[in-house]
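Here's the structure we're looking at; comments come further down.
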Amino acid sequence: MGEFLGDWKRTALCAEFTKEDIGREVTLMGWADTRRDLGGLVFVDLRDRSGIMQVVFNESDFKGDFDQVGSIRSEYVLAVKGKIVERSEDTINPKLPTGLIEVKVTDLKILSKAETPPFEIEDCSKVREELRLKYRYLDLRRPDMQKNLILRNKIANSARTYLSENGFLDIETPMLQKSTPEGARDYLVPSRIHPGCFYALPQSPQLFKQILMISGYDRYFQITKCFRDEDLRADRQPEFTQIDTEMSFVDADDVMTMHEGLIQKVFKDVMNIDIQLPLRRLPYQEAMDRFGSDKPDTRFGLELKNVSDIVAGSEFKVFSSVVKNGGSVRAINAKGCANILARREIDALVDFVKIYGAKGMAWISIREDGLNSPITKFMTQEEIDAIMQRLDGQVGDILFFVGDKNSVVYDSLGALRLKLAEKLELIQENTWDLLWVTEFPLFEYSEEEKRFMAKHHPFTSPMDEDVDKVLTDKEHARAKAYDIVLNGNEIGGGSIRIHSTELQEKMLEALGFSKEEAWNRFGFLLEALKYGTPPHGGLAYGLDRLAMLLAGVDSIRDVIAFPKVQNASCLMSKAPDVVDNKQLRELHIKVDED
RNA sequence: GGCCUGGUAGUUCAGUUGGUUAGAACGCUAGCCUGUCACGCUAGAGGUCGAGAGUUCGAGUCUCUUCCAGGUCGCCA
């Protein structure tokens with residue numbers, strides 16, 4: 001059993017001491033990191049979240065039983081009393097911020113012993129994630145994880161300060177909500193009191209924050225958990241945190257301007273980086289046409305070019321037929337790649353775009369001795385010349401073409417563009433490419449549902465000039481929706497909301513809800529809208545993604561203390577798990593064993 | 001649900017064409033060591049090769065099934 005603290009009080013965190021403290025009698029507490037046992041002289045690196053302090057046990061100075069010092073092992077929790085001393089010149093450790101000093105220990109308490117940990121507690125661990133997550137409490141002791149969570153806290157604090165200073169009120173909204181049919185799958189919570197009824201955990205505080213606007217709270221924010229029961233990714237967890245905001249009496253520009261200030265402050269506070277404002281604004285259609293993505297990484301070129309008009313009448317039927325059927329043929333010029341990419345690698349890229357639904361990918365390699373291509377034999381010289389001109393084809397380039405319906409062309413070439421940039425190392429590290437993507441489509445056609453769905457959500461306002469298209473021209477109706485993009489990642493998104501019952505009803509009608517269904521599902525909002533609703537809109541950031549990017553890590557799991565693994569379970573606590581039959585009976589639930 | 005990658009000592013990995021007793025580094029244990037900081041030296045322990053089945057005289061290695069983890073497509077208003 002470990003010793004008790006008694007009247008010992010910690011003076012400060014391990015790495016908070018400096019040369020100024022030389023000569024002070026101090027008490028330190030922390031975990032035994034590495035120890036170097038020279039017999040009558042034992043060095044221990046004492047670690048806590050501030051860093052490391054070397055403490056020295058010298059048999060001649062130590063007051064207690066020196067065998068106790070010899071028994072110290074990794075991750076024992078120690079309390080030491082001693083004096084801060086200056087290290088002699090030849091024993092300074094330049095690698096440690098505290099390397100100029102050390103603690104000459106006179107008294108020791110072993111507050112807690114520890115099993116040998118299943119992996120070493122060290123920076124830049126290469127231990128497989130499965131094990132790290134099972135022993136998350138040990139993984140979280142590692143300096144890089146502590147750094148990540150501290151950085152995350154800084155972001156949240158910075159945002160909270162900014163929003164408070166700008167008059168936003170932090171107001172909580174319910175975790176137990178009504179399930180909504182649109183959007184992601186809900187996590188459901190059974191009601192004990194209402195047999196057969198379920199709450200849903202919020203996918204976002206959307207409706208409640210809109211109602212707060214109706215109630216006159218004008219500016220609202222909340223840093224809160226949201227839940228979506230969908231498959232996981234490196235940047236997607238079933239529960240994640242949003243910095244959620246909403247403002248009244250604003251249009252899209254006002255919201256974006258407010259948030260440019262926020263993002264500028266966060267970058268300054270957290271990274272000490274100055275962001276130049278205003279940020280670029282790229283209409284959705286332009287983003288898709290140039291980059292094949294609604295979250296473009298614009299740190300490099302490789303832009304898409306539309307060659308549909310050139311190949312519309314081509315003998316190459318693959319191309320001419322997609323154009324005839326309303327699709328397009330677009331291309332990327334991989335500058336200077338003719339000699340870099342072997343045929344085998346080109347074939348691999350052709351396979352790569354098939355992941356995104358492309359049935360194939362044509363290419364033209366421009367060499368000194370002419371064109372090498374599987375398709376030029378089907379094309380006229382005029383067509384080839386026009387393509388060369390459109391794509392600025394020079395000797396040494398390879399042109400990649402995808403012809404299909406637009407969504408496939410954008411997805412596959414957008415992905416190819418990123419793949420090429422990675423392969424060619426075109427992306428400069430430590431650059432921060434921030435921009436807005438605006439004028440999103442209001443609707444998106446769902447092949448699965450055979451109907452138009454809301455691209456953002458059903459409460460998003462159409463652009464003023466597109467209000468008439470809500471029922472008549474869904475494909476071309478644009479929304480007052482905007483995403484903020486950082487280095488090719490969507491870090492936030494928002495919109496101006498519909499603030500009239502009539503337009504909201506029209507919108508729900510456009511989405512295929514009967515009036516009855518609409519009122520059944522969203523009646524409380526439709527009703528509330530009638531009682532004096534200010535124009536309002538907002539934006540929500542994905543705090544996890546933002547933290548991931550600023551921390552420079554590849555997965556949001558590295559900025560979340562207790563994340564879930566790919567099958568949505570927690571390896572440490574073993575959630576989810578079966579429950580007692582008694583609990584199920586109380587909830588009126590029978591489990592189908594199949 | 002589909003595709004791809006991985007699973008060998010506590011950890012990270014190597015393991016050739018299927019062939020003797022499955023190796024290394026770090027960690028761990030014991031001993032020695034008063035200026036280490038990747039301490040050093042000496043000795044030692046430690047393996048259901050993810051699991052199951054199959055092929056074979058013989059399987060870590062080949063085949064099938066399955067479990068786990070990761071990436072990704074679908075999905076994620």
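Letters A, B, ... mirror the listed sequences (proteins, then strands); counts begin at 1.
Residues of residues 495-522 of chain A having a heavy atom closer than 4.0 Å to RNA chain B: none are found. Taking every heavy atom of residues 124-131 of chain A and every atom of RNA chain B, pairs under 4.0 Å involve A/Lys126, A/Val127, A/Arg128, A/Glu129, A/Glu130, A/Leu131, by number.
Every residue two or more places apart in sequence or in another chain was checked for a side-chain hydrogen bond (donor to acceptor under 3.5 Å, both in side chains) with A/Lys295, and none qualifies. By the side-chain hydrogen bond (donor to acceptor under 3.5 Å, both in side chains) test, A/Arg228 is found to be paired with no residue, residues two or more places apart in sequence or in another chain being considered. Under the side-chain hydrogen bond (donor to acceptor under 3.5 Å, both in side chains) criterion, A/Asp144 pairs with A/Arg142, sequence neighbours left out.
Nucleotides B/rG27 and B/rG35 place their C1' atoms 24 Å apart, quoted to the nearest Å. For the P atoms, the distance from B/rU16 to B/rG50 is 14 Å, rounded to whole Å. Comparing the C1' positions of B/rG46 and B/rC39 gives a spacing of 24 Å, expressed to the nearest Å.
An OP1 or OP2 oxygen of B/rC73 is reached within less than 4.0 angstrom by a side-chain nitrogen or oxygen of A/Arg233.
Look at A/Arg451 and A/Glu182 and you find a salt bridge, because one of the NZ, NE, NH1 or NH2 atoms lies within 4.0 Å of a carboxylate O, short of that distance. Salt bridge present: A/Glu505 and A/Lys515 bring a charged side-chain N and a carboxylate O closer than 4.0 Å.
In this structure, A/Glu230 atom CD and B/rU72 atom P are separated by 16 Å, rounded to whole Å.
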Which letters describe nucleotides 27-42 of chain B, given B = protein heavy atom under 4.0 Å from base, S = only from sugar-phosphate, - = neither?
-> SSSS--BBBBBSB---
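Each of B/rC75, B/rC73, B/rA69 was ranked by its minimum atom distance to the side chain of A/Ile355; first place goes to B/rC73.
Residue A/Phe459 is classed as having no contact, given no heavy-atom separation below 4.0 Å to the nucleic acid.
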